[in-house]
A.B. asks: 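Have a look at the structure that comes next, please.
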Amino acid sequence: MTTLTSSLDQASSTIHDAGRRIQSLQATLDGTKRDLAQTQEELARLALALDTYAAATEAGQPVEGNQLRLISGALAAAGQSLTKPRSMD
């Protein structure tokens with residue numbers, strides 16, 4: 001009976017440790033999600049500002065304005081790609 005009690009105590013301790021680890025991982029994941037959302041927002045704001053600047057630049061310098069638009073589009077795409085699942089090949 002002592003062996004069974006000891007085994008049950010050990011199993012209970014392991015389960016509690018796993019529960020604490022899961023809570024810790026969940027907190028880390030939540031923080032990462034918040035950071036990701038903030039990064040996406042910042043990239044979107046930067047892309048919009050760059051696009052606005054590109055529109056103003058195109059009036060006098062079409063080539064430079066077009067290049068700025070390409071960069072702003074790349075920034076917007078980068079922000080969107082942060083949430084796309086990636087294959088684990």
Side-chain angles (χ1 to χ4, degrees):
M1 191 69 169
T2 303
T3 303
L4 178 59
T5 303
S6 177
S7 294
L8 289 174
D9 287 345
Q10 188 176 16
S12 177
S13 176
T14 300
I15 290 169
H16 283 102
D17 288 347
R20 284 192 294 274
R21 181 71 179 138
I22 288 169
Q23 288 176 340
S24 174
L25 289 170
Q26 185 63 51
T28 300
L29 179 60
D30 291 344
T32 301
K33 286 179 182 179
R34 280 190 301 275
D35 292 346
L36 178 61
Q38 288 174 343
T39 300
Q40 285 179 302
E41 289 172 9
E42 290 172 15
L43 281 172
R45 281 193 298 272
L46 182 56
L48 180 60
L50 191 54
D51 196 49
T52 301
Y53 180 73
T57 302
E58 280 180 333
Q61 300 169 335
V63 172
E64 288 82 358
N66 188 45
Q67 289 172 339
L68 291 172
R69 284 194 185 273
L70 291 173
I71 294 169
S72 71
L75 285 173
Q80 292 172 354
S81 73
L82 290 174
T83 56
K84 290 183 182 175
R86 295 189 177 136
S87 64
M88 302 299 263
D89 294 341

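The analysis underlying the following values was restricted to heavy atoms, covering all of them including side chains, and did not include hydrogens, waters or symmetry mates.
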A.B. asks: State whether the side chain of Ser6 and the backbone N or O of Thr2 hold a donor-acceptor pair below 3.5 Å, judged by distance alone.
C.D. replies: no
A.B. asks: Would you check if the side chain of Ser81 reaches a backbone N or O of Ala78 as a donor-acceptor pair within less than 3.5 Å?
C.D. replies: yes
A.B. asks: Drop me the distance from Leu25's CG to Thr32's OG1, to the nearest 0.5 angstrom.
C.D. replies: 10.5 Å
A.B. asks: In the single-linkage hydrophobic clustering (I, L, V, M, F, W, Y; side-chain heavy atoms under 4.5 Å), do Leu36 and Leu43 co-cluster?
C.D. replies: yes
A.B. asks: Can you tell me how far the CG atom of Asp51 sits from the CD1 atom of Ile71, to the nearest 0.5 Å?
C.D. replies: 11.5 Å
A.B. asks: If two hydrophobic side chains count as joined below 4.5 Å and joins carry through other members, does Tyr53 share a cluster with Leu46?
C.D. replies: yes
A.B. asks: Nearest 0.5 Å please: distance from the OG1 atom of Thr52 over to the CZ atom of Arg69.
C.D. replies: 8.5 Å
A.B. asks: Can you list the steps and then say if Asp17 with Arg21 is a side-chain contact (heavy atoms from CB on, under 4.5 Å)?
C.D. replies: CA-CA 6 Å; Asp17 288 347; Arg21 181 71 179 138; over 6 Å; no
A.B. asks: Between Ala54 and Leu68, which heavy-atom pair has the shortest distance, and what is it?
C.D. replies: CB-CB, 3.5 Å
A.B. asks: Ignoring hydrogens and geometry, is there a side-chain-to-backbone donor-acceptor pair from Ser12 to Asp9 under 3.5 Å?
C.D. replies: no
A.B. asks: Rounded at 0.5 Å granularity, tell me how far CD in Gln26 sits from CD in Gln23.
C.D. replies: 9.5 Å
A.B. asks: Working to the nearest 0.5 angstrom, can you tell me the gap between Asp35 CG and Lys33 NZ?
C.D. replies: 12.5 Å
A.B. asks: Taking all atoms of both residues into account, what is the closest heavy-atom pair of Ala47 and Ala76, and its distance?
C.D. replies: CB-N, 3.9 Å
A.B. asks: Output the distance between atom CD1 (Ile15) and atom CG (Leu8), rounded to the nearest 0.5 Å.
C.D. replies: 9.5 Å
A.B. asks: Ignoring hydrogens and angles, tell me if any N or O in the side chain of Thr14 forms a donor-acceptor pair with the backbone of Gln10 under 3.5 Å.
C.D. replies: yes
A.B. asks: Of the non-hydrogen atoms in Gly79 and Gln40, which two are nearest, and what is the gap between them?
C.D. replies: O-NE2, 2.9 Å
